[in-house]
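One structure below.
Within every chain, numbering begins at 1; the chains are lettered A, B, ... in the order of the sequence lines, protein sequences first and strands thereafter.
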Amino acid sequence: MSDTDNPVPVDPRLLEILVCPLTKTPLTYDRARNELVSRAAGLAYPIRDGIPIMLPEEARPLDED
Amino acid sequence: MAEELSYRAEAAAEYDRAFSHVSAYFVPFLLRAARLGPGQRVLDVATGTGIAAEAALRVVGADGSIVATDLSPEMIEKARQRLDKASNAFVAVEDGQALSLPDESFDVVLCSLGLMFFPDPLRGLFEFRRVLRPGGRAAVSVQTTPNRSYNGWINVIIARHVPGLAEATSRTFALGEATRLQSLFREAGFTDIETCTEKHSFTLPSFDAFYGPFERGGASTGQALASLPEEIRRGIREEVRRDLADTGGPIEVEMEIRIGSGRC
């Protein structure tokens, strides 16, 4: 199952406070891909079963787009 | 590194049975060291199955909030289940040395029996200080020595048979000295640094009640056991039984922790 199949929603109050663990800059929520995007780090952090996975080694490099 | 630090599914599943009553016993001392009070915003790093977070939630009440993090997705899933009914508790998979939380956003940071597993504990404490508001407090608990650890002494026995485990076990107790904790807090920029020591003897109804969860893969001990052939496991079991002077009745296991805390 991919991360985007029937995504469990993340609490928006948590999304509001999370920053990029590398750059500590704000993230944007990509609803379609169910990812938290850090433009500064060039990484998209996955959300699995409603739990943000804030680890760079688990993140998708944005240049794959 | 991540592999060594993150618990596999069975370890998370048996962890509660193996160790949660031990963790839970010491949590109030940690909350006291953190000066936890109603309405506070709390970060619980290396929350495991969420034991400290759940206790903290009761203290901070509906006006406070908890963010509970762990490196292991299996552990964080357990923590979410434990905290599920609280609308002011949030979970995320995080590296305690590189948190995805903003500067000065918490009143208290807790880390219950977790900091000693960080590859770089000082980096962790720097992160704790970064996310604390000025005047906020971080409190961590660590194990002291294998002989006064609930299961560390078993790991020492197992380590004779598992290459690499001896090093991992000694690392588990690397922060056990009060002076070591104090200097780490000082180096990370904390003030008003305190340490204290708490000890308790746990009585279990039988040897199996104590050892069974480890035999089923619980915690670091169980994971190490699972990697061994049956015959060696049997030998270790007998050695542990002998050390506990098991006669078929209740047994006693001692555990000591050190708590360090400091103000941001």
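Here the side chains of A:R48 and A:E58 are in contact, with some heavy-atom distance below 4.5 Å. Between B:T169 and B:R171, every side-chain heavy-atom pair lies at or beyond the 4.5 Å cut-off. With a 4.5 Å cut-off on side-chain heavy atoms, A:L43 and A:L62 do not count as touching.
Residue-level contacts of residues 99-107 of chain B with chain A, in order of numbering, are B:L99, B:S100, B:L101, B:P102; threshold 4.5 Å between heavy atoms.
By the side chain to side chain contact (heavy atoms under 4.5 Å, CB included) test, A:T23 pairs with A:C20, A:T25, A:S38, A:A40, A:A41, sequence neighbours left out. Every side chain to side chain contact (heavy atoms under 4.5 Å, CB included) that B:R129 has, sequence neighbours left out, goes to B:F190, B:C264.
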Using atom types as modelled, flag every donor-acceptor pair under 3.5 Å from a side chain in residues 115-122 of chain B to any protein atom, sequence neighbours excluded.
unit_1	atom_1	unit_2	atom_2	d
B:D120	OD1	B:L122	N	3.3
B:D120	OD1	B:R123	N	3.3

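Contact count against chain A (heavy-atom pairs under 4.5 Å) is highest for B:V91 among B:V67, B:T69, B:V91. Counting heavy-atom pairs under 4.5 Å between each of A:V10, A:L22, A:L36, A:I17 and chain B puts A:I17 at the top.
When atom types are taken as modelled, the side chain of B:D63 and the backbone of B:G39 share no donor-acceptor pair closer than 3.5 angstrom.
Both the backbone and the side chain of B:S87 come within contact range of chain A, each with at least one heavy atom under 4.5 Å from a heavy atom of that chain.
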